[in-house]
Amino acid sequence: MSNNKYKILVIEDDRKILSMIQTVLDTNGYQVLTAQRCQQGILMLSSHVPDLVVLDLGLPDMDGEEFIRITRRSSMIPIIVLSARTEESDKVRALDLGANDYITKPFGTGELLARIRASLRINRMNLQAAMPDNVFTLEDLVIDYDRRQVSVGGNNVHVTQIEFNILALLSQQVGKIMTYSAIIRAIWGAMDEGSIKKLQVNMANIRKKLGCKPGESRYIINELGVGYRMTDARE
Ligand code: CA
């Protein structure tokens with residue numbers, strides 16, 4: 001397995017967890033930098049220019065959220081949040097501040113590695129700004145951005161303008177979880193009382209039109225209470 005020495009900065013004050021992550025990443029061919037305090041992490045970010053950050057939210061000197069806020073002023077580096085907090089609102093806040101993904105403690109090494117691979121890949125795709133023919137493909141789902149057409153297995157799927165916009169938005173961020181409010185702001189411009197319900201109704205219709213059965217996580221995963229993620233088939 002070649003990760004070609006991606007440089008990963010891990011900011012975590014719990015020594016046990018930090019050394020576990022360090023071992024896992026090291027074994028899997030990543031170059032690992034560590035910091036146990038937020039301030040130290042901020043300094044290392046600018047001096048070592050890592051490819052990705054794994055960030056604990058509960059740090060002794062500053063809240064990890066502060067790290068995200070400061071970093072996002074100048075950098076789009078992928079940030080994966082580690083959180084012992086099971087509260088959905090913390091995850092949503094971290095994502096809305098600009099974190100790319102989150103993992104809830106305790107987590108398995110397989111999950112950690114999969115999340116890191118996915119975030120690095122998305123970042124690479126965004127950097128390349130690829131899709132020269134303006135067509136997105138995921139298994140048998142095809143989204144043609146220019147023609148504003150969607151098909152599954154070669155058959156045209158009739159979607160409304162709003163449904164198309166939602167699909168286009170999620171597909172352009174494939175693999176990344178998008179919070180309800182991020183989707184709503186992008187599609188309708190602003191949140192109001194009925195927004196989440198409206199989004200859920202649209203999403204249910206989209207899934208039905210794409211031929212997904214209830215509860216099935218084909219193409220789009222519903223991260224309950226947080227948002228939606230278009231699956232990355234290669235995950
Ligand atoms: Ca901590």
Side-chain angles (χ1 to χ4, degrees), residues 1-14 16-35 41 44-45 50-59 64-65 67-68 71-72 75-128 138 170-180 182-183 217-235:
M1 204 166 141
S2 66
N3 290 307
N4 301 320
K5 291 283 174 192
Y6 276 114
K7 214 188 291 176
I8 299 182
L9 171 61
V10 185
I11 309 174
E12 164 66 87
D13 61 317
D14 184 320
K16 257 195 185 153
I17 298 176
L18 183 61
S19 107
M20 183 273 271
I21 295 174
Q22 189 166 17
T23 308
V24 169
L25 296 185
D26 206 46
T27 313
N28 283 274
Y30 293 102
Q31 191 185 333
V32 191
L33 305 163
T34 62
M44 290 182 79
L45 186 69
D51 298 292
L52 181 143
V53 178
V54 175
L55 174 72
D56 178 33
L57 284 182
L59 293 163
E65 284 178 9
F67 177 91
I68 304 173
T71 303
R72 279 292 174 262
S75 165
M76 287 309 291
I77 182 171
I79 300 174
I80 300 177
V81 163
L82 289 181
S83 175
R85 310 168 192 189
T86 47
E87 296 270 323
E88 250 111 45
S89 58
D90 289 322
K91 297 172 189 169
V92 171
R93 204 163 48 237
L95 291 167
D96 280 338
L97 281 172
N100 296 63
D101 213 334
Y102 64 82
I103 307 177
T104 307
K105 295 177 187 174
F107 53 88
T109 57
E111 188 188 1
L112 174 69
L113 290 169
R115 290 271 179 267
I116 288 175
R117 276 198 301 272
S119 286
L120 287 171
R121 193 165 51 231
I122 293 164
N123 200 44
R124 224 160 41 232
M125 287 186 341
N126 290 347
L127 288 177
Q128 289 165 348
L138 175 67
L170 289 176
S171 63
Q172 280 157 1
Q173 303 284 325
V174 66
K176 181 182 189 300
I177 181 166
M178 298 205 68
T179 62
Y180 298 128
I183 300 172
S217 61
R218 202 160 161 234
Y219 312 126
I220 297 166
I221 297 170
N222 181 5
E223 307 269 5
L224 236 51
V226 180
Y228 293 95
R229 181 203 305 268
M230 187 159 275
T231 57
D232 187 329
R234 290 154 299 181
E235 236 175 73

Which residues satisfy the side-chain contact (heavy atoms from CB on, under 4.5 Å) test with Asp14, sequence neighbours excluded?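 Partners of Asp14 under the side-chain contact (heavy atoms from CB on, under 4.5 Å) test: Glu12, Lys16, Ile17.
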Between the main-chain N or O of [Y] and the side-chain N or O of [X], is there a donor-acceptor pair closer than 3.5 Å?
| X | Y | answer |
| --- | --- | --- |
| Arg229 | Lys176 | no |
| Thr231 | Tyr219 | yes |
| Thr71 | Phe67 | yes |
| Asp51 | Ile8 | no |
| Asn28 | Val24 | yes |

Return the minimal non-hydrogen interatomic distance between Gly227 and Asn222, and the atom names on each side.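 That would be O-OD1, 3.5 Å.
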Would you give the length of the straight line joining atom [atom1] of [X] to atom [atom2] of [Y], rounded to the nearest 0.5 angstrom?
| X | Y | atom1 | atom2 | value |
| --- | --- | --- | --- | --- |
| Met20 | Thr109 | CE | OG1 | 7.0 Å |
| Met178 | Met230 | CE | CE | 11.5 Å |
| Leu95 | Asp90 | CG | CG | 11.0 Å |
| Asn100 | Arg115 | CG | CZ | 11.5 Å |
| Ser119 | Leu52 | OG | CG | 6.0 Å |

Is there a side-chain contact between [X] and [Y] (heavy atoms, below 4.5 Å)?
| X | Y | answer |
| --- | --- | --- |
| Tyr102 | Val226 | yes |
| Ile21 | Leu82 | yes |
| Val10 | Tyr30 | no |

Salt bridge (charged side-chain N to carboxylate O under 4.0 Å, His left out) involving Arg72 - partner list, sequence neighbours excluded: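 Expected list: none.
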Applying side chain to side chain contact (heavy atoms under 4.5 Å, CB included) between [X] and each of [options], report the one that passes.
| X | options | value |
| --- | --- | --- |
| Leu45 | Ile77, Ile11, Leu33, Ile79 | Ile77 |
| Val32 | Leu25, Thr23, Leu9 | Leu25 |
| Val81 | Asp56, Ile68, Asp101 | Ile68 |

Under the ring pair (Phe, Tyr, Trp, His ring centres under 6.0 Å) test, residues paired with Tyr180 that sit two or more places apart: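 By the ring pair (Phe, Tyr, Trp, His ring centres under 6.0 Å) rule, Tyr180 matches Tyr228.
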Verify side chain to side chain contact (heavy atoms under 4.5 Å, CB included) between Leu170 and Ile183, making sure each step is shown before the conclusion. CA-CA 8 Å; Leu170 289 176; Ile183 300 172; 4.1 Å; yes
Any salt bridge linking Asp96 with Arg93? Criterion: basic side-chain nitrogen under 4.0 Å from a carboxylate oxygen.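 So Asp96 does not pair with Arg93 through a salt bridge.
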